[in-house]
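Notes to accompany the following structure.
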Amino acid sequence: MTESGDSQQVARYLNSQLVSRLNASALAVSDEEYAKGQQLLGADYDLLLEQYGAVAAGTDTEQIVTRFNLTREQQREIINKAQQLNQTATLYQAAVRNGDDERARALARDIVENASELNASTATLNEQYANLETQTNLSFETTQEAIVTNQRRLTQAAGAIASREFTETNVSVQTAQPNLSAASPTQIHGRLVAANGTPVTNATVEIAVGDDTITTQTDSVGRYTTSYQPLLVSSNISTLTASYRPASGDPFLSSTATTSISVTGQQPSTLSVTNATTSAGFGDPLRVSGDVNIHSVENRSLAGLPVVLQIGERKVATGSTTANGSYTLATTLPETIAPGEYTVRVRLAADGLTVAPTVAMTQLTVQSTPTELSVETNDTETDSENISITGTLTTDTGDPLADRTLQLQLGSVPFKTVRTDSTGQYQATIDRASVQDEDTRVLTVQFAASGSNLESSTAEQTLSLSATNPGRQLVLVAGLLFVLIMGGLLVIREQFTTQWAQLRNSVSWDTDDKTETSVNTDETEAGRLAVADIPDETTSADSMSLRERAQNALNAGDPDAAVQFAYAAFRNEIRSPIDRSQTHWEVYNQWRATDQSEAAAVRQLTTAYEQATFASEPVSVETAQKVVELLPSLTETSGLPQR
C-alpha cells in the first residue's frame with residue numbers, strides 16, 4: 001500500500017510539472033518570448049512525460065501520455081507560426097519604409113495567409129486542451145487564455161495590414177442547369193467584384209468539381225463565362241466551386257463561391273498505343289506511349305487522366321495524361337515475369353468516373369537472361385575449424401544481382417542458404433568436420449531462378465580432403481611417421497648387424513682356438529635382424545682383453561671405440577640363455593625384466609653404445625669413462641647367467 005501511495009504521489013507531482021511547463025510556455029508566447037516557449041517544451045518535458053508514463057497507474061495512462069504529447073506538439077506549431085508572423089511583419093514594415101510597394105504587398109499576402117493558418121492551428125490546440133482537461137480533471141484555462149491572447153494580437157495585426165494593402169472581393173457562380181452531363185458541356189458564368197462593387201478585371205477564376213478543374217478569365221466588367229464538361233468526376237459529387245486566388249502582387253483578397261449540382265452519364269473514350277517496347281530481358285527498359293481521346297470534348301485540358309500499364313494481369317507502371325491527352329509509361333522489366341510471349345495492356349483507369357474506361361493492347365516478348373555464379377574457397381589453413389567460401393552472382397553482362405538466395409550443398413546434401421549483398425557478393429563458412437569423404441568433398445552453390453526471367457546457374461569447387469578433415473590429416477601424418485620410423489629402425493638394425501659383426505671380428509681375434517663367425521644377413525625374415533654369432537665359450541683372459549681394449553681406447557682419446565669394446569665385453573660375459581640375434585635394446589629389455597636393480601646402468605651402457613655406433617656425434621669422454629667404470633659391477637651382479 002505504501003508503494004502504491006508513493007507512486008500516485010509521484011504521478012501527481014509529474015502531472016503538475018507537465019501542466020506548469022505548458023502554462024509557462026503559453027505565457028512566454030503571449031509575451032513574444034518564442035525561444036523560451038519552445039525550450040519549456042523541449043528535452044525536460046520529454047523526460048517528465050517518460051517518468052509520468054512509468055509511474056502513473058490506471059488503464060488510461062497511455063492515452064493521457066499521448067494527449068500530453070499531442071498538446072505539446074500542437075503548441076510548438078503555434079509558436080513557430082507566431083514567430084514566423086512576427087518576422088514577416090518586421091520585413092513588411094521595412095518594405096513600407098523603403099517605399100517598395102510590390103514587396104510590401106507580397107509580404108502582406110504572406111502575413112494574411114499565415115494568420116489564417118494560425119487561427120486554424122489555435123482552434124486545434126484548444127480542442128487538445130479540452131480533451132486533456134477531460135482526461136486529467138485539470139484546468140488549462142490560464143494556458144488557453146494566453147494562447148488566445150497571442151492569436152488575437154497577431155490576427156488583428158494581420159487584419160490591419162490586409163486592410164492597408166488589399167481590397168476584399170466577392171465572386172459568384174451559376175450553372176445553366178444543375179444536372180451536369182458527361183456527354184455534353186454545361187455553361188457556367190459568374191462575376192468577380194471588389195467589396196465596393198468595382199469589377200475585378202482580367203482575373204483568373206478556377207471552376208472545380210472535385211479534383212476536376214478548369215480556369216477562365218474575367219472580362220472588363222468582371223464577368224466570366226465558360227463551358228464545363230465533367231471528366232475526372234465521381235458520380236456522387238454534389239458541389240461546384242468557383243475560386244478567385246489573386247496573384248502575389250494583386251491588391252485584392254481571395255474569395256470563393258459554391259453551387260449545388262449533380263453529375264450523370266459517362267463519356268466514351270479511346271486509347272491508342274503509338275510506340276512500345278516489343279522485346280525485353282531482365283532489367284531492360286520497358287516503354288509504352290500513346291494518346292487518350294475523349295469523345296465530344298473540345299477546348300479543354302485532358303491532363304491528369306490515370307493510365308496503367310499491365311503485363312498479363314500484373315500492374316507494372318502508372319502515369320497520367322498531359323493536357324493534349326498523350327501519355328508515356330516507362331519502367332524496367334520486373335524479374336518476376338518469366339520468359340515468354342505476353343499481351344501488354346494500357347488501361348485508362350477511370351472506374352467510377354464520368355469517363356468510360358478503355359484499353360489498348362500490344363505484344364511483348366520477355367527473354368531469359370543468363371547468370372554467372374562463382375565460388376572460391378580458402379581451405380589451405382589446416383589449423384582453422386572452418387573453410388571460408390566467397391563468390392559473386394551477376395548477369396552474363398556483369399550486372400550484380402543483389403539480395404538473391406543461394407543454396408550451398410556438400411555432395412548431394414544441402415546444408416546452408418545465403419543471400420547476396422548489394423554488389424552481388426556472398427560469403428559463408430563450412431565446418432571442416434562436415435567434409436568426411438569423397439561423397440562430401442564437392443561443394444556446389446546453386447542459384448535457382450524459379451518464376452523469373454533470370455536463368456539458374458551453378459558453381460562447384462572440389463575441396464581437398466587433406467586440408468579439410470583434421471582426423472584424416474592425423475591418420476595420414478601418423479602413417480607417414482610410422483613409415484619413417486620403421487624405415488629408420490630397419491636401417492638402424494641393418495647398421496647394427498654390420499657394426500656388431502665388425503666389432504666381433506675386431507675383438508675376437510686374440511685367441512687362436514676361436515672360430516671366426518660371420519654375419520648372416522640372408523636370414524632376415526619379417527624385419528628380424530641377424531647379428532654375428534658370439535662364441536659359446538670365452539676365456540677369462542679374452543674377457544679381460546675386451547675390458548683392457550676399452551680402457552686403452554679411452555686412454556688413447558677414442559671414446560666411441562672405448563664404449564664399443566665395453567659393450568662387447570658386457571655381452572661376452574653374459575651367460576646363456578641369450579639370442580645372438582638380439583639387438584642391444586632387446587638385450588636391455590631382457591635384462592630389465594630379470595634384474596631391476598641394475599637396469600638404469602645397463603640402459604646407460606646401451607644408450608652410449610647406440611650413440612657410439614650409429615650417431616654422427618661422438619660419445620663424450622666423460623660418458624665413455626662412466627661406461628667403462630660400470631663394467632665390473634654389471635658383470636659381477638648380473639641378473640642374467642654369465643658364461
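Predicted, not measured: the structure shown is a model, and the values here were computed from it.
Looking at Leu154 and Leu118, their side chains come closer than 4.5 Å, going by heavy atoms from C-beta outward. Side chains of Pro199 and Leu192 form no contact here, defined as non-hydrogen atoms less than 4.5 Å apart. In this structure, the side chains of Gln151 and Asn119 come closer than 4.5 Å at one or more pairs of heavy atoms. Pro306 has its side chain within reach of Leu232: a pair of non-hydrogen atoms, C-beta onward, lies under 4.5 Å apart. Residues Phe447 and Thr371 are in side-chain contact: their nearest non-hydrogen atoms beyond the backbone lie under 4.5 Å apart. Here the side chains of Val173 and Tyr224 are in contact, with some heavy-atom distance below 4.5 Å. Counting heavy atoms from C-beta on, the side chains of Ile207 and Thr241 never come closer than 4.5 Å. Residues Val171 and Arg191 fail the side-chain proximity criterion, which asks for heavy atoms closer than 4.5 Å.
Closest of all the heavy-atom pairs between Tyr327 and Val346 is OH-CG1, 3.6 Å. Across all their heavy atoms, Thr201 and Ser220 have their closest contact at CG2-O, 3.1 Å. Closest heavy-atom contact between Thr420 and Ala402: OG1-C, 3.3 Å. Leu401 approaches Arg404 most closely through the heavy-atom pair C-NH1, 3.9 Å. Across every non-hydrogen atom of Ser121 and Ile78, the tightest pair is O-CD1, 3.7 Å. Annotation for Asn80 and Gln38: closest pair OD1-NE2, 2.8 Å, computed over non-hydrogen atoms.
Inspection of the Thr218 and Asn202 side chains reveals no N or O donor paired with an N or O acceptor under 3.5 Å. Under 3.5 Å, the side chains of Thr395 and Thr397 contain a donor-acceptor pair of N or O atoms. Checking Ser255 against Glu168 by side-chain atom types alone, no donor-acceptor pair falls below 3.5 Å. For the residue pair Thr216/Thr226, the side-chain donor-acceptor check at 3.5 Å is not satisfied. Remark: the Gln229 side chain and the Arg300 side chain contain no N/O donor-acceptor pair separated by less than 3.5 Å. For the 3.5 Å distance criterion, the side chains of Thr405 and Arg419 qualify, holding a donor opposite an acceptor. Arg12 and Asn15 are not linked by any side-chain donor-acceptor pair at a separation below 3.5 angstrom, with hydrogens and angles left out of the test. Counting only N and O atoms by type, the side chains of Thr365 and Glu341 include a donor and acceptor under 3.5 Å apart. Side-chain polar atoms of Arg164 and Tyr92 form a donor-acceptor pair below 3.5 angstrom. No hydrogens or angles considered: a donor-acceptor pair under 3.5 Å links the side chains of Asn179 and Ser262. Side-chain N/O atoms of Glu206 and Tyr244 include no donor and acceptor closer than 3.5 Å. The closest side-chain donor-acceptor pair between Ser289 and Thr328, if any, does not fall under 3.5 angstrom.
Counting only distance, with no hydrogens or angles, the side chain of Thr167 and the backbone of Phe252 share no donor-acceptor pair below 3.5 Å. Looking at Thr259, its side chain never comes within 3.5 Å of a backbone N or O of Gln174 through a donor-acceptor pair. For the pair Thr354 (side chain) and Pro230 (backbone), a donor-acceptor distance under 3.5 Å is present. Here the side chain of Ser260 pairs no donor or acceptor atom with the backbone of Thr239 at under 3.5 angstrom. Within the 3.5 Å criterion, the main-chain N or O of Arg21 finds no donor-acceptor partner in the side chain of Ser25. Distance alone, capped at 3.5 Å, places no donor-acceptor pair between the Gln17 side chain and the Leu48 backbone. Asn126 places no side-chain N or O within donor-acceptor distance of the main-chain N or O of Ala123, the cut-off being under 3.5 Å. Proximity of a side-chain donor or acceptor of Asn453 to a complementary backbone N or O of Ile337 within less than 3.5 Å is detected. A distance-only check finds a donor-acceptor pair linking the side chain of Thr321 to the backbone of Leu302 [under 3.5 Å]. Thr394 places no side-chain N or O within 3.5 Å of a backbone atom of Pro400 that could act as its donor or acceptor partner.
Atom CG of Leu70 and atom CG of Asn131 lie 9.5 Å apart (nearest 0.5 Å). Atom NZ in Lys81 sits 12.5 Å away from atom CD in Gln83 (nearest 0.5 Å). Leu393 CG to Ser457 OG: the interatomic distance, rounded to the nearest 0.5 Å, is 5.5 Å. Between atom CG of residue Leu138 and atom CG of residue Asn23 there is a gap of 12.0 Å, rounded to the nearest 0.5 Å. Taken from CZ in Arg345 to CG in Leu364, the straight-line distance is 12.5 Å, to the nearest 0.5 Å. For the atom pair Glu455 CD and Phe282 CZ, the distance stands at 12.5 Å (nearest 0.5 Å).
A salt bridge is defined here as a Lys NZ or Arg NE, NH1 or NH2 lying under 4.0 Å from an Asp or Glu carboxylate O, and Glu77 with Arg72 fails to meet this definition. Contact check on Asp31 versus Lys36 returns no salt bridge, with no Lys/Arg side-chain nitrogen under 4.0 Å from an Asp/Glu carboxylate oxygen. Look at Arg105 and Asp110 and you find no salt bridge, because none of the NZ, NE, NH1 or NH2 atoms lies under 4.0 Å from a carboxylate O. A salt bridge links Arg153 and Glu32; the closest N-O separation between the charged side-chain nitrogens and carboxylate oxygens is under 4.0 Å.
In this pair, Phe140 and Tyr129 present their aromatic rings tilted. The plane angle is within the 30 to 60° band.
The local environment of CD in Gln310 is crowded, with over 12 non-hydrogen atoms from other residues, nucleotides or ligands closer than 6.0 Å. Within 6.0 Å of the CG atom in Asn196, the count of heavy atoms belonging to other residues, nucleotides or ligands exceeds 12.
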When you look at Arg67 and Thr71, which way does the side-chain contact (heavy atoms from CB on, under 4.5 Å) test go after all the steps? CA-CA 6 Å; Arg67 185 67 62 186; Thr71 303; 4.2 Å; yes
Please report the C-alpha distance between Ile311 and Leu333 in whole Å, then the side-chain angles of each, then the deciding distance to 0.1 Å, and finally whether the side-chain contact (heavy atoms from CB on, under 4.5 Å) criterion is met. CA-CA 10 Å; Ile311 298 179; Leu333 182 68; 4.1 Å; yes
Val344 and Met361: CA distance, side-chain angles, deciding distance, side-chain contact (heavy atoms from CB on, under 4.5 Å) verdict: CA-CA 6 Å; Val344 176; Met361 293 180 289; over 6 Å; no
Begin from the C-alpha positions of Leu41 and Leu22 and carry the test side-chain contact (heavy atoms from CB on, under 4.5 Å) through to its verdict. CA-CA 7 Å; Leu41 303 180; Leu22 287 170; 3.8 Å; yes
Mind running side-chain hydrogen bond (donor to acceptor under 3.5 Å, both in side chains) on Thr369 and Asp396 for me, showing each step along the way? CA-CA 7 Å; Thr369 299; Asp396 59 339; 6.0 Å; no
Apply the test side-chain hydrogen bond (donor to acceptor under 3.5 Å, both in side chains) to residues Thr175 and Gln187: give CA-CA distance (whole Å), side-chain angles for both, the deciding distance (0.1 Å), then the verdict. CA-CA 6 Å; Thr175 60; Gln187 291 294 316; over 6 Å; no
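Sorted by first then second residue, the side-chain hydrogen bond (donor to acceptor under 3.5 Å, both in side chains) pairs that include residues 270-288, not counting sequence neighbours, are Ser279-Gln367.
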